[in-house]
Amino acid sequence: MADKLHIKSGDRVVVISGKNKGKKGKIMETSPKEGKVIIEGVNVATKHVKPRKMGQQGGLIKVEAPLYACKVMLLCPKCNKPTRAAKGMDGNEKKRRCTKKDCAALF
């Protein structure tokens, strides 16, 4: 698997397949080597935690589980629609741009 992702930390994305289809969130962490991302509030799993120190409380906590990056699509900040990111120029700086016909926003 390639060590490169089409999205990066801080991007807003929408899940396009699986049990979390349609949910939107912000990318908290990426793992390019595994091809996975962790999205805030999406793919939440329940984890059993044992108390490690005296007085510490154990129990069930909810954590975001990793999701394959191929299952998510970037959201355009201007039109708020899922889009494939194309490359565009902003002066001398290379940026991503929305591929929607009526939008073409750089981000």
Side-chain angles (χ1 to χ4, degrees):
M1 187 175 253
D3 291 342
K4 191 175 177 187
L5 297 175
H6 64 284
I7 47 181
K8 56 188 178 182
S9 294
D11 285 344
R12 287 198 22 88
V13 293
V14 63
V15 180
I16 57 172
S17 69
K19 67 177 182 181
N20 296 297
K21 184 177 180 176
K23 289 187 180 178
K24 297 176 184 179
K26 187 174 150 185
I27 301 242
M28 294 176 6
E29 194 177 321
T30 61
S31 180
K33 200 163 206 125
E34 295 174 327
K36 293 184 177 184
V37 293
I38 296 176
I39 307 167
E40 190 177 345
V42 178
N43 200 25
V44 179
T46 306
K47 188 174 177 182
H48 297 262
V49 178
K50 221 173 168 181
R52 296 288 173 201
K53 298 176 187 169
M54 281 294 279
Q56 187 180 6
Q57 194 173 2
L60 300 171
I61 60 167
K62 297 195 182 282
V63 291
E64 287 94 357
L67 196 67
Y68 280 107
C70 63
K71 292 187 171 199
V72 298
M73 199 170 213
L74 190 63
L75 276 175
C76 174
K78 186 179 175 186
C79 63
N80 205 30
K81 292 180 183 173
T83 182
R84 289 183 176 185
K87 296 206 171 49
M89 294 298 282
D90 185 28
N92 277 344
E93 200 173 351
K94 193 185 282 187
K95 288 190 170 185
R96 297 181 295 178
R97 73 174 172 83
C98 181
T99 55
K100 299 292 178 195
K101 192 175 183 177
D102 55 332
C103 183
L106 290 168
F107 52 95

Do [X] and [Y] make a side-chain contact, defined as non-hydrogen atoms from C-beta onward lying under 4.5 Å apart?
{"X": "Cys76", "Y": "Lys81", "result": "no"}
{"X": "Val37", "Y": "Leu5", "result": "yes"}
{"X": "Val49", "Y": "Leu60", "result": "no"}
{"X": "Lys100", "Y": "Asp102", "result": "yes"}

Measure across [X] and [Y] and return the closest heavy-atom pair with its distance rounded to 0.1 Å.
{"X": "Gly88", "Y": "Arg97", "answer": "CA-CD, 4.2 Å"}
{"X": "Lys94", "Y": "Met89", "answer": "CA-SD, 3.9 Å"}
{"X": "Leu74", "Y": "Val13", "answer": "CA-CG1, 4.2 Å"}
{"X": "Pro51", "Y": "Gln56", "answer": "CB-O, 3.1 Å"}
{"X": "Met28", "Y": "Ser9", "answer": "O-OG, 4.0 Å"}
{"X": "Lys24", "Y": "Val42", "answer": "O-CG2, 4.0 Å"}

I need the [X] [atom1] to [Y] [atom2] distance, nearest 0.5 Å.
{"X": "Lys23", "Y": "Asn20", "atom1": "NZ", "atom2": "CG", "value": "4.5 Å"}
{"X": "Glu34", "Y": "Asp3", "atom1": "CD", "atom2": "CG", "value": "10.5 Å"}
{"X": "Arg12", "Y": "Ile7", "atom1": "CZ", "atom2": "CD1", "value": "13.0 Å"}
{"X": "Thr46", "Y": "Ile61", "atom1": "OG1", "atom2": "CD1", "value": "9.5 Å"}
{"X": "Leu67", "Y": "Ser31", "atom1": "CG", "atom2": "OG", "value": "12.5 Å"}
{"X": "Lys95", "Y": "Lys87", "atom1": "NZ", "atom2": "NZ", "value": "14.5 Å"}

Using a 3.5 Å distance criterion without hydrogens, assess whether the side chain of [X] forms a donor-acceptor pair with backbone atoms of [Y].
{"X": "Glu64", "Y": "Val44", "answer": "no"}
{"X": "Asn43", "Y": "Pro66", "answer": "yes"}
{"X": "Thr83", "Y": "Thr99", "answer": "yes"}

Same apolar cluster (I L V M F W Y, side chains within < 4.5 Å links), Val14/Ile38: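 In one cluster: no.
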Single-linkage hydrophobic cluster, 4.5 Å side-chain cutoff, Leu75 and Met73 together: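 Shared cluster, yes.
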Side-chain ion pair, Asp11 and Arg96, N-O less than 4.0 Å: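 Yes.
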